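This is a predicted model, so every value here is computed, not measured.
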Amino acid sequence: MRAIVVGGGIAGPAAGMALHAVGFEATVLESRPSGAGSGSWFTVAPNGVAALAELDALEAVRGIGVATRRNIMVGATGAPLGSVGLGAPLPDGTPALSFRRPELAAALATEAARRGVDVRHDARVAAVETTGSVAAVTLESGRRLEADIVVGADGIHSVVRSAIDPHAPAARYLGLANFGGITRGTRLTAELPPESWTFVFGRRAFYGALPTPAGDVVWFVNEPRPAITRTERTAMTDAAWQRHLVGLAAPDSGPFADLIAAGELELAGDSTFDLPRVPTWSRGRLALIGDAIHAPSPSSGQGASMALEDAVVLAACLAASDGSPADAFAAFEDQRRARVEKIVAQGARSSSSKTAGPIARIFQDRMLRFVFRHFVTDESQAWIHDYRARLGGARRIP
Ligand SMILES: Cc1cc2nc3c(=O)[nH]c(=O)nc-3n(C[C@H](O)[C@H](O)[C@H](O)COP(=O)(O)OP(=O)(O)OC[C@H]3O[C@@H](n4cnc5c(N)ncnc54)[C@H](O)[C@@H]3O)c2cc1C
């Protein structure tokens with residue numbers, strides 16, 4: 001059986017490895033050139049790390065991950081608001097790991113290729129079809145490739161999703177522009193708790209920072225605002241954005257304005273979207289995984305983890321089916337839809353707490369303390385972090 005996976009982000013190479021492990025000849029098509037890719041850091045929670053381990057891919061990426069155990073929330077005055085663990089570590093002690101997004105994507109693609117998955121870059125898919133016993137993609141170059149199934153792991157603006165359902169809902173803007181960066185070799189690491197994100201509900205923005213064992217600090221800023229226009233993007237330089245970010249953090253206590261001022265911007269003005277419900281996940285020999293069907297707000301901290309889970313579960317469903325992709329895709333949806341939609345809904349709620357207006361902000365600290373004491377706790381999040389995606393018995397040794 002042959003599978004084409006569209007997209008070489010997080011879900012794509014993972015799906016390539018998972019499908020290869022259950023006996024597919026897999027090709028991953030990524031539109032970007034090899035080694036290219038923007039983005040700053042995100043955290044893969046234990047449920048996502050466990051999916052990597054299930055694919056025997058954890059060792060291939062462990063070295064570029066930073067151990068991350070808790071999210072610590074503080075207010076604009078520096079007052080503590082609460083703290084939530086990122087889930088119990090795996091049995092071997094591996095906790096949640098934070099990665100630079102493009103580095104994780106590249107490491108997964110390299111590992112997939114090492115195992116014999118055909119990973120192609122500079123390969124943008126322009127059209128997708130499913131007819132009888134064949135699924136096919138046409139690249140922008142005009143080249144056509146056929147397979148038994150096509151898996152769309154092509155992210156929030158998926159072309160495979162449009163091929164499955166031309167009326168599928170588009171992603172929705174969450175009212176936050178996202179920026180990310182790193183400050184290297186800074187003494188400010190000493191002001192931040194190790195192996196933890198410190199999240200600040202600031203006066204003008206929500207932002208956070210994670211110290212690394214190398215003595216760097218990784219940071220991000222979410223600014224509540226309308227989506228950045230093309231004109232504005234063209235007019236702003238990285239240096240201008242960085243001055244703007246320093247201004248957002250300046251009224252609040254803590255080392256954040258200094259950190260941002262001393263750092264390098266890695267991601268400027270990424271509009272944050274989510275995709276709460278995609279009614280149709282598959283058609284014929286086409287199926288979707290990852291952000292293409294359930295992009296959560298970045299606030300959920302689960303986008304990459306869910307994408308990795310999907311890759312494992314889809315391959316397990318295909319391995320368990322009697323050769324009918326439609327049955328396997330239905331089983332996949334059955335196992336996945338309720339979980340991922342619940343996580344996306346939860347992410348949208350935490351995202352809205354970052355866009356509080358000036359009046360709401362007066363009560364925000366009190367309200368957040370209550371939320372982190374009673375509702376968003378280690379126990380209440382366990383159903384997310386304790387989930388384990390299993391490949392099943394059909395796996396081949398990689
Ligand atoms: C700022 C930010 C912070 C985040 N923080 C977290 C976090 O803390 N934890 C977490 O788990 N998740 C986080 N996420 C979400 C996470 O990045 C995504 O959920 C995750 O990358 C989804 O993986 P994916 O492979 O489905 O999609 P993507 O990573 O978007 O990959 C899709 C790939 O498909 C390629 N592609 C698109 N169209 C085509 C085409 N036509 N042909 C070929 N290739 C194509 C793209 O180039 C891309 O490489 C965050 C996201 C953002 C924006």
Side-chain angles (χ1 to χ4, degrees), residues 37-43 66 68 70-81 83 98-103 174-229 232-272 297-299 301 350-351 353-356 358 361 364-365 368:
S38 61
S40 56
W41 290 64
F42 61 39
T43 300
V66 172
T68 315
R70 295 197 79 72
N71 292 337
I72 295 169
M73 274 63 70
V74 301
T77 60
L81 302 179
S83 136
S98 295
F99 296 93
R100 187 182 267 117
R101 282 170 85 199
E103 266 180 24
L174 287 165
L176 290 170
N178 187 53
F179 301 82
I182 186 165
T183 306
R184 295 186 195 277
T186 166
R187 60 178 172 74
L188 294 172
T189 45
E191 295 192 33
L192 295 162
E195 300 194 341
S196 303
W197 280 102
T198 299
F199 290 150
V200 185
F201 289 82
R203 290 179 177 84
R204 297 179 182 161
F206 174 85
Y207 45 92
L210 169 74
T212 76
D216 304 331
V217 176
V218 172
W219 45 263
F220 73 87
V221 180
N222 289 170
E223 181 188 12
R225 51 158 297 150
I228 295 169
T229 61
E232 191 180 2
R233 202 176 285 284
T234 318
M236 290 290 274
T237 60
D238 278 2
W241 280 124
Q242 204 161 337
R243 279 195 298 277
H244 173 69
L245 300 181
V246 172
L248 292 177
D252 305 328
S253 18
F256 298 95
D258 290 344
L259 255 180
I260 297 167
E264 299 154 35
L265 196 61
E266 294 183 312
L267 176 71
D270 192 35
S271 298
T272 59
S297 121
S299 316
S350 43
S351 190
S353 66
K354 300 176 179 176
T355 51
R361 223 167 265 150
Q364 181 164 275
D365 282 10
L368 287 171

### Query
Between Gln242 and Gly263, is there a donor-acceptor pair closer than 3.5 Å when you use the side chain of the first and the backbone of the second?
yes

### Query
For the residue pair Trp197 and Phe220, does the interplanar ring angle fall in the parallel (under 30°), tilted (30 to 60°) or perpendicular (over 60°) class?
perpendicular

### Task
Examine distances only and state if a side-chain atom of Arg233 and a backbone atom of Ala268 form a donor-acceptor pair shorter than 3.5 Å.
yes

### Summary
OG1 of Thr183 to CD of Glu264, rounded to nearest 0.5 Å, is 8.0 Å

### Message
Within the structure provided, determine whether Leu245 and Leu265 are in side-chain contact (heavy-atom separation under 4.5 Å).
### Response
yes

### Task
Apply side chain to side chain contact (heavy atoms under 4.5 Å, CB included) to Phe99 and Val66, showing your working.
CA-CA 7 Å; Phe99 296 93; Val66 172; over 6 Å; no

### Query
Would you find a donor on one side and an acceptor on the other, under 3.5 Å apart, between the side chain of Arg204 and the backbone of Gly247?
yes

### Query
Roughly how far, to the nearest 0.5 Å, is OG of Ser40 from CD1 of Ile182?
10.5 Å

### Message
Please report the interatomic distance CZ(Arg203) to CD(Gln364), rounded to the nearest 0.5 Å.
### Response
11.5 Å

### Message
If I take atom CZ from residue Phe199 and atom CG from residue Leu81, how far apart are they, to the nearest 0.5 angstrom?
### Response
12.5 Å

### Task
Would you please test Arg101 and Glu266 for salt bridge (Lys or Arg N to Asp or Glu O under 4.0 Å) and show each step?
CA-CA 11 Å; Arg101 282 170 85 199; Glu266 294 183 312; over 6 Å; no

#### Entry: Euclidean distance, Ser271 OG relative to Asn178 CG, rounded to 0.5 Å
9.5 Å

### Message
With side chain to side chain contact (heavy atoms under 4.5 Å, CB included) as the criterion, how do Leu259 and Leu192 come out once you've worked through the C-alpha distance, each side chain's angles and the decisive distance to 0.1 Å?
### Response
CA-CA 11 Å; Leu259 255 180; Leu192 295 162; 4.1 Å; yes

### Task
Answer yes if the side chains of Ser98 and Thr43 hold a donor-acceptor pair under 3.5 Å, and no otherwise.
yes

#### Entry: Close aromatic pair by centroid cut-off 6.0 Å: Phe179 and Trp241
yes

### Task
Compare all side-chain heavy atoms of Leu210 with those of Ser196 and state whether any distance is below 4.5 angstrom.
no

### Query
Hey, mind stepping through Asp216 and Arg184 against side chain to side chain contact (heavy atoms under 4.5 Å, CB included) and telling me if it holds?
CA-CA 4 Å; Asp216 304 331; Arg184 295 186 195 277; 3.6 Å; yes

#### Entry: Separation of His244 NE2 from Ile260 CD1 (nearest 0.5 Å)
10.5 Å

### Val218 vs Thr212 side-chain heavy atoms within contact, under 4.5 Å
yes

### Task
Verify side chain to side chain contact (heavy atoms under 4.5 Å, CB included) between Phe201 and Asp252, making sure each step is shown before the conclusion.
CA-CA 9 Å; Phe201 289 82; Asp252 305 328; over 6 Å; no

